[in-house]
Structure formats: C-alpha cells, structure tokens
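Structure, as structure tokens:
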Amino acid sequence: MSANSERAAADERARERRASIQARLDALVGGWTRLAGQRAWTEANLAIVRSEITDETARLERAEAHIAAADAAIARENRREGLAAAEANLSRLQARLTSVTRKQAAADRAYRAFDTHYQEASRRQVDALRDIVNPLFARMHANKVYDSIGFGEGDDLLRWRSDIGGRSFDPGRNFSQGQRQDLALALFIARARSLGGTFFLDEPVIHLDDVNRVGLLDVLRASAISGRHRTNLVVTTSSRAMARHLIEKFDRVEGAGPRGDGIPILRVYELRGNGRDGVESIERYPPPS
C-alpha cells in the first residue's frame, strides 16, 4: 500500500472518530441543556444540576409514596364500602330469613291444625261409615267369619281392617275374592245411603251362593227402606230368579207401597229386544192396581 493510500485511510478514520465524538458531544450538550437550561458548563453548575436531580428524585420518591398510600387508602375504602354493602345485603337477607321463618312456622301451625281437623273429621266420617258397613257386611254372610270391619290408625286411617278374635287382618290380603266383593258392595251401599242420590249396581249377587244372595237382598231391602226419601238404587241383572226374589222381598215389606211422592219403593222393568231391532220396556212390578 502506498503512502497516499495510508494517509487517506487514516484521514477517514479520523473523520469517523471526530463524527462519533461530535455526536456524543451533541447528545451531552442536549442533555445538559435539558437539565441546566442556559447555564454554562462549569463544575459549579454541574454540582447545582446534580443537587437539583437529587432533590427531584426525592420529590418523585415522595410522590410515589403518596400515590402508594393513596392507592392503599382507596383499596381500604373500597373494602369498607364493599363490607358495608355486604352487611346491608346480609341484613336484608336476615330480615327475609326471619320473615320466611315466621311464615314457615305459621304454615306449620296451620298444617298441623288442618291435619288434626282432617284426622278428626275423617275419623268421625269413617266411624259413621263403619257403623253402617259392619251390619251390611255381616248380613251378607250366613256364616260369620270376622267379628268386625274397621279402619287403621294414623297414616293408615283410611285402610280397611278386619278383626277376628282380637287380631287384625288386611282385607286386601286375607279376604277371599267373594269377601272382598262383599266388602266393596257394603262400602258402596253405605256411601250411597250417606250421600243420597241415584246409584247403579250391575249383577251385585252374581258371585254369591244362594244363602248369601238372600242376605244381600235383605241388605238391599233395608237400604231402600231406610233411605227411600233420598237414595235410589238401580239394580241390573239378567237373572229372572233374582228379579222374582226382589219382588218377593219387597212385596212382604209393610209400607212398601208408594212413598209420599207417589213413587213405589220398588219398580221392576224387563227389557226385551236388542240394539238392532229396538228395546221394549215392560213394567213387572208393582202390578197395575
């Protein structure tokens, strides 16, 4: 490399270094201007600027401390307000709970009173019904098997029970099919007599033997006589023998003629024909006067 080339390279490096130094100097001057303003660059002014920076830093630290304290105070206030709101909400909830508790207690008292009244009223009704069912059920059987028909206790009040020799039996499990039908029929007739109105019985004796059939006819006759002013029983049967036995039973009853409204205690109609050709009704009892 020639001397000229080396001098040129050295000049280039010198220029680059001078430019770097100038840039650093410009930056330093700019920083000094921002910190010191128009004051000259001297040791005394540098000390003043350093003191100002220290004071400003202290002020910033104090400001940061104040901000942190303010943030803490705000957080405490928010917690306090939140706690106050929670306490107010809790107070409302407690008031509602107290109100609901009072209402629940009142509802419980009302329920207990209703349950007591219901049990007493049910007991009176079932006792009255039992007083009717027992003789009806007994008269349907020539041979007495069960001493009495009654009800359960408590929650089983409406469950029928039968008694024999001081022991209780469940008709649903211990009665024969015929005995269950007799009990259902006795209940039906007892309710009919207590409610009044018109009630239908279809072939009520079909499951009975001859002896117990007579007992049921006695029950029907007794029911018709005792409830003749408020209860009507409509009995349907395909048995002429049963119709004849009914007529015989009622024909022998004293005062079996027409009641005060002119309606006889028993009327027997025979229906002839079919649905296609028509049905004819013939009154068989009472006989024409």
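As the structure is a computational prediction, the values presented were derived from the model and not from experiment.
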Original post:
Taking 4.0 angstrom as the limit, do Glu280 and Arg272 come out as a salt bridge?
Top reply: no
**OP:** Please report the shortest heavy-atom distance between Ile265 and Phe250, naming the atom on each side.
**Re:** CG2-CD2, 3.9 Å
**OP:** Indicate yes or no: does Asp218 engage Arg221 in a salt bridge with an N to O separation below 4.0 Å.
**Re:** yes
**OP:** For Ser281, enumerate each residue passing the side chain to side chain contact (heavy atoms under 4.5 Å, CB included) test, keeping only those at least two apart in sequence or located in another chain.
**Re:** Tyr269, Leu271
Original post:
So which residues get pulled into Tyr111's cluster when ILVMFWY side chains under 4.5 Å apart are joined, directly or through others?
Top reply: none
Subject >> Under the side chain to side chain contact (heavy atoms under 4.5 Å, CB included) test, residues paired with Arg191 that sit two or more places apart >> reply: Leu129, Ser194, Leu195
Original post:
Got a donor-acceptor contact below 3.5 angstrom from the Ser51 side chain to the Ala47 backbone?
Top reply: no
**OP:** Check the pair Leu201, Val234 against side-chain contact (heavy atoms from CB on, under 4.5 Å), reporting the backbone distance first and the verdict last.
**Re:** CA-CA 6 Å; Leu201 297 101; Val234 179; over 6 Å; no
**OP:** Output all residues satisfying side chain to side chain contact (heavy atoms under 4.5 Å, CB included) with Arg24, sequence neighbours left out; order by chain, then residue number.
**Re:** Ser20
Original post:
Linking I/L/V/M/F/W/Y whenever their side-chain heavy atoms sit closer than 4.5 Å, directly or via other members, would Val214 and Val235 fall into one cluster?
Top reply: no
Which atom pairs, donor and acceptor, lie under 3.5 Å between side-chain atoms of residues 52-74 and protein residues at least two apart or in another chain?
{"residue": "Glu52", "atom": "OE1", "partner": "Arg39", "partner atom": "NH2", "Å": "3.3"}
{"residue": "Glu52", "atom": "OE2", "partner": "Arg39", "partner atom": "NH1", "Å": "3.4"}
{"residue": "Thr54", "atom": "OG1", "partner": "Arg50", "partner atom": "O", "Å": "2.9"}
{"residue": "Glu56", "atom": "OE1", "partner": "Arg59", "partner atom": "NE", "Å": "3.2"}
{"residue": "Glu56", "atom": "OE1", "partner": "Arg59", "partner atom": "NH2", "Å": "2.2"}
{"residue": "Thr57", "atom": "OG1", "partner": "Ile53", "partner atom": "O", "Å": "2.8"}

**OP:** Could you tell me which residues satisfy side chain to side chain contact (heavy atoms under 4.5 Å, CB included) with Glu12, sequence neighbours excluded, listed by chain and number?
**Re:** Arg15, Glu16
Original post:
Would you find a donor on one side and an acceptor on the other, under 3.5 Å apart, between the side chain of Thr116 and the backbone of Arg112?
Top reply: yes
